[in-house]
Amino acid sequence: MPELPEVETVRRGLEPAMKGKTVAHVDVRRPDLRWPFPTRMAERLTGQKVLRLRRRSKYLLIDMESNETLIVHLGMSGRMLIHWPDAPDGHPEPEKHDHVVFDMEGGVRVVFNDPRRFGLMDMCQTAALDRHKLLAHIGPEPLGNGFDDTYLGAALLGRKTAIKTALLDQKLVAGLGNIYVCEALWRARISPFMRACDVPPAKIRDLVPVIREILVEAIEKGGSSLKDYRQTDGDLGYFQHQFAAYGREGKPCRAPDCKGKIVRAAQGGRSTFYCHICQNVLERDG
DNA sequence: CGTACACCCTGGCCGC
DNA sequence: TGCGGCCAGGGTGTAC
């Protein structure tokens, strides 16, 4: 599902289609996603040039020349499909879950498709983005300078919730979802069930570079599939990465010389994947 | 404030 | 084959 690396991949993929181009037409094909679309969204975007595309956490930020920013969240199943103008049969007819169609000057079409409609869009003054309800309380970017072991140690202090749950908290660190949290804990050999405040300082020091490595690797792999971005299936390879833990229930642990198997357990209503040997999970409490 | 959990939504999959 | 039930899960809202 779209976590930080996937959103970053989408951002990079959209740049050649949108950056520096003027929005010629916007077709809003249903009234709402998770929330109603911003008022007069189509009118506010039409005729405006896209200055740049940014990302904050899992949010895609599209800055317009009008000093407004379009905020896009892909939710669970959201995609941005690009239809280039040189396609032999022109643009295909919109499909059932194509909710917003952006026609750019020059003929490129960008389609927001989201079957489950957990995605959302909003607009706000670019200068006021930091104060926007969705962005104001998000923690530091894991690939930025604000995320280091000093910060993480302080953030986990006194938190009794499981480290798995804590890392999913966007106020603690931005952009991590279920997949990359499972992968990071596996790689750092930390039990997902351990209370956040009980994670030893040495493990916290391990966790910071591990999280960075995993995200960077995932972005690089997403980037390598960008050449396929023109394909109408729009698949960015969300599940093409080689995960070590996520989704590998019952399969052998990939750690060298480890004879363990990946286990799946419910934690906070969602699946956690881990190796009970590497991650030293005894019962259910780390 | 921290913590826990229900809820939103659809498509895919599994078992009967 | 058809159908019910469950699962995926990010973020919000509510309750304790």
Whole-Å gap separating [atom2] ([N]) and [atom1] ([X]):
| X | N | atom1 | atom2 | result |
| --- | --- | --- | --- | --- |
| A/E3 | C/dG10 | CD | P | 6 Å |
| A/I138 | C/dG10 | CD1 | P | 14 Å |
| A/L74 | B/dC9 | CG | P | 19 Å |
| A/D169 | B/dC5 | CG | C1' | 15 Å |
| A/K171 | C/dG13 | NZ | P | 12 Å |
| A/L120 | C/dG11 | CG | P | 9 Å |
| A/N113 | B/dC9 | CG | C1' | 14 Å |
| A/K133 | C/dG11 | NZ | P | 13 Å |

*Within the stacking criterion (centroid distance below 5.5 Å, interplanar angle below 30°), does A/F118 stack on C/dG11?*
no

*Any chance the side chains of A/K49 and A/T22 put a donor and an acceptor closer than 3.5 Å?*
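A/K49 vs A/T22: no donor-acceptor pair found between side chains.
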
Does the side chain of [X] get closer than 4.0 angstrom to OP1 or OP2 of [N] through an N or O atom?
| X | N | result |
| --- | --- | --- |
| A/Q170 | C/dG11 | yes |
| A/R116 | B/dG11 | no |
| A/H137 | C/dG11 | no |
| A/K58 | C/dG11 | yes |
| A/T165 | B/dA4 | no |
| A/H73 | C/dG11 | yes |
| A/S77 | B/dC9 | no |

Closest listed nucleotide, where the reference is the side chain of [X] and the choices are [options]:
| X | options | value |
| --- | --- | --- |
| A/S271 | C/dT12, C/dA8, C/dG10 | C/dA8 |
| A/R264 | B/dT3, C/dC7, C/dG10 | C/dC7 |
| A/H97 | C/dG10, B/dT10, B/dT3 | B/dT10 |
| A/Y59 | C/dG10, C/dG11, B/dT3 | C/dG11 |

*Verdict with supporting geometry, A/M18 and A/V108, side chain to side chain contact (heavy atoms under 4.5 Å, CB included)*: CA-CA 8 Å; A/M18 298 185 86; A/V108 185; over 6 Å; no

*asked:* Tell me whether the side-chain N or O atoms of A/R270 pair up with the base of C/dG10 as donor and acceptor below 3.5 Å, since no angle test is needed here.
replied: yes

*In which ranges does DNA chain C form stems of 3 or more consecutive Watson-Crick or G-U pairs, distances under 3.5 Å?*
B:2-16 with C:2-16

*Take A/F112 and A/F102 through the ring-ring contact (aromatic ring centres under 6.0 Å, His included) test and state the conclusion after the steps.*
CA-CA 8 Å; A/F112 179 87; A/F102 303 90; 8.2 Å; no

_Students often get this wrong, so: under 4.0 angstrom with heavy atoms, is A/L134 touching a base, only sugar-phosphate, or nothing?_
sugar-phosphate

*Can we say A/D32 and A/R30 salt-bridge, meaning some charged N sits less than 4.0 Å from an Asp/Glu carboxylate O?*
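Result for this pair is yes, salt bridge flagged.
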
*Taking NZ, NE, NH1 and NH2 as the nitrogens, is one of them in A/E15 or A/R52 under 4.0 Å from a carboxylate oxygen of the other?*
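Answer for the salt bridge query: no.
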
*Is A/I214 linked to A/Y151 within one hydrophobic cluster, defined over Ile, Leu, Val, Met, Phe, Trp and Tyr using a side-chain heavy-atom separation of less than 4.5 Å?*
yes

*asked:* Quick one, A/D63 with A/R54, criterion salt bridge (Lys or Arg N to Asp or Glu O under 4.0 Å). Give me CA distance, side-chain angles, the key distance, then yes/no.
replied: CA-CA 8 Å; A/D63 292 336; A/R54 295 182 289 159; 2.8 Å; yes

*Taking all atoms of both residues into account, what is the closest heavy-atom pair of A/V181 and A/K164, and its distance?*
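Between these two residues, the closest heavy atoms are CG1-CD, 3.6 Å.
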
_Comparing A/R34 and A/K96 on DNA chain B - which has the more 5′ nearest nucleotide_ = A/R34

